[in-house]
Participant: 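My questions all concern the structure below.
Throughout, a chain's letter reflects where its sequence line sits, starting with A, and its residues are numbered from 1.
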Number of protein chains: 2
Amino acid sequence: MRRAPLTRERVLAAALELADAGGLESLSMRKVATALGVEAMSLYNHVANKEDLVDGLVDLVFAEIDLPVPGAPDWKGEMRRRAVSVREVLNRHRWAVGLMESRMRPGPANLRSHNAVMGCLREAGFAFRAAVHASSLLDAYIYGFALQEASLPFDTAQDHAEVVEAKQAAVPDLTPFPYLVEVFTEMARAGYDYATEFAFGLDLILGALERAQTK
Amino acid sequence: MRRAPLTRERVLAAALELADAGGLESLSMRKVATALGVEAMSLYNHVANKEDLVDGLVDLVFAEIDLPVPGAPDWKGEMRRRAVSVREVLNRHRWAVGLMESRMRPGPANLRSHNAVMGCLREAGFAFRAAVHASSLLDAYIYGFALQEASLPFDTAQDHAEVVEAKQAAVPDLTPFPYLVEVFTEMARAGYDYATEFAFGLDLILGALERAQTK
DNA sequence: TTGACAACCTTACGGCGTAAGCGTACCTTA
DNA sequence: TAAGGTACGCTTACGCCGTAAGGTTGTCAA
């Protein structure tokens, strides 16, 4: 009667679906088991514990990232494409933002990703330390931006104006903060395009890195 | 016999100490209560629930940040000082990194902080949209950098080399990733100075923002 | 003196991760 | 074919968690 035997892959797939739907806090061993028509303790035949399960999830997320190609002629284009991909992936898996760089046991996709980034920069002529600087700076920006995006209330992410208004409504008196008043009114009026905002910062950083390299 | 009456401030102070010591996952209502010589349910006379308590903690963290002064002559200096302060504060309170921008009920220190940043940029001559760009970019970098720092295992943060070696030991075969080999060996050899790394990216961003403004 | 209210308490519920160990179905090897 | 091992799903149980419900006690106003 059991459709398919339980495997690590099936466990991870069910857990990924749960995490995407309700965030990390709604991911429990019991719920994953229920989704698979199985008891919680059965999962432990395929993952060591919850941390191992999360390690597996994070590597699935890494595997979705579009990698830069070391040696490609246009390193800025490669890094931009990869950065945009990371933002997209982390938007699909918001719960993952804080976990990507915290794994003590990096999975294969994780290693492949960091290797490709360093490779692309080194082959583009960056000295070792400069490549470390560049990848650290880029990743900080990308993860920081994704963090801010992921911090919005889960469902209403596309409607920034609503969130702004809700936040404003929770504040008793805004008159001591004139510059914030401007932000609130302007955001509610003209909205806020995350993709454009992300691209602005990304291109500014890539341009500055290029200038710093060829200087 | 009870030394002092329980207050919201005393509850928050005890919770802050617990969170700093053991991270968010070691912060429970029962432990906070025990630390105060009180039962868990007594806390609910002073905080609405755990989320309200965390909201209070985050605002305490915001209050520790050194604010930029709107109208000061050297806006880059102001923003740099504030950025360095944010990094220091988030290093003292690593658990807070992912929570700073996710509060649906921003506290007074939170509002004051964002108001000061926008004010400093607007008074320095940034147009409204440019100021939003700049503060978004800077915060993304700062939080992203803090996130990477906070993601290290809790105690050994000062000894980067150890962490790198432990991570490397958890990987079976590194030969498919030549650029990572370089990173691992070089990091173990020469170490990694987070403060320097942070300053590099920060100055690069501030310089690029200045160029974009006066262009 | 009375009665309201605030602050702290006990008890209890449903959920969590996971340690310990049971039953069974299959595979190997003699 | 029989024996024994192993893999895999199961039940039970423990000590945590947040918090709803409601009891007790001390203080202060009328």
Side-chain angles (χ1 to χ4, degrees), chain A residues 1-60 95-96 98-99 102-105 153-154, chain B residues 1-60 95-96 98-99 102-105 153-154:
Chain A
M1 179 56 70
R2 202 148 292 109
R3 294 289 157 203
L6 214 48
T7 63
R8 183 178 171 94
E9 283 65 37
R10 295 218 312 134
V11 171
L12 289 179
L16 187 63
E17 202 165 329
L18 262 174
D20 286 345
L24 256 199
E25 72 280 5
S26 85
L27 179 73
S28 78
M29 302 300 277
R30 290 176 219 259
K31 284 185 197 161
V32 173
T34 301
L36 290 165
V38 132
E39 295 302 315
M41 290 310 291
S42 302
L43 304 179
Y44 287 84
N45 287 311
H46 305 278
V47 297
N49 49 41
K50 193 179 183 182
E51 190 185 339
D52 181 33
L53 186 151
V54 172
D55 281 350
L57 290 187
V58 168
D59 214 54
L60 284 184
W95 50 268
L99 305 174
S102 70
R103 303 297 86 195
M104 277 314 284
R105 301 185 176 281
F154 301 106
Chain B
M1 180 56 72
R2 202 149 291 108
R3 294 290 157 202
L6 215 48
T7 62
R8 182 179 171 92
E9 283 66 38
R10 295 218 312 134
V11 171
L12 289 179
L16 187 63
E17 203 165 329
L18 262 174
D20 286 346
L24 256 200
E25 71 280 6
S26 85
L27 180 73
S28 78
M29 301 300 276
R30 289 176 219 260
K31 284 185 196 160
V32 173
T34 301
L36 289 164
V38 130
E39 295 303 315
M41 290 310 291
S42 303
L43 303 179
Y44 287 84
N45 288 307
H46 306 278
V47 297
N49 48 41
K50 194 178 183 183
E51 190 185 338
D52 181 35
L53 186 151
V54 172
D55 281 350
L57 290 187
V58 168
D59 215 55
L60 285 184
W95 50 268
L99 305 174
S102 71
R103 303 298 86 196
M104 277 314 286
R105 302 185 176 280
F154 301 107

Participant: Using OP1 and OP2 only, check whether a side-chain N or O of A:Ser42 sits under 4.0 Å from D:dC8.
Facilitator: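 Answer no for this pair, as no side-chain N or O of A:Ser42 is under 4.0 Å from OP1 or OP2.
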Participant: Provide, to the nearest angstrom, the distance between the NZ atom belonging to B:Lys50 and the C1' atom belonging to D:dA20.
Facilitator: 17 Å
Participant: To the nearest 10°, let me know how far the axis at one end of the helix from C:dT1-D:dA30 to C:dA30-D:dT1 is tilted from the axis at the other, five pairs an end.
Facilitator: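 Rounded to the nearest 10 degrees, the bend comes out at 10°.
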Participant: Within this structure, what is the CG-to-C1' distance between B:Asn45 and C:dT10, rounded to whole angstrom?
Facilitator: 14 Å
Participant: Which whole-number value in Å describes the distance from B:Tyr44 OH to C:dT11 C1'?
Facilitator: 15 Å
Participant: If we check side chain to side chain contact (heavy atoms under 4.5 Å, CB included) with A:Asp55, which of these qualifies: A:Lys50, A:Arg103, A:Met104?
Facilitator: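 So the option named by the test is A:Arg103.
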Participant: Does B:Leu27 reach a base, just sugar-phosphate, or nothing at all? Heavy atoms under 4.0 Å.
Facilitator: sugar-phosphate
Participant: Rounded to whole angstrom units, what separation is found between the CD atom of A:Glu25 and the P atom of C:dG15?
Facilitator: 16 Å
Participant: If I take atom NE2 in residue A:His46 and atom C1' in nucleotide D:dG9, what distance separates them, rounded to the nearest angstrom?
Facilitator: 8 Å
Participant: Please report, rounded to the nearest Å, how far the C1' atom of C:dG17 is from the CD atom of A:Glu39.
Facilitator: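 Taking atom C1' of C:dG17 as the reference, CD of A:Glu39 is at 15 Å.
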Participant: Pick the nucleotide of DNA chain C nearest each of A:Ser26 and A:Ala48; which residue has the one closer to the 5' end?
Facilitator: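 Closest to the 5' end, via its nearest nucleotide, is A:Ser26.
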Participant: Answer yes or no: side-chain N or O of A:Asn49 and base N or O of C:dG17 forming a donor-acceptor pair under 3.5 Å.
Facilitator: no
Participant: Report, one pair per line, the protein and nucleotides 13-16 of chain D atoms (nitrogen or oxygen only) whose separation is under 3.5 Å.
Facilitator:
none

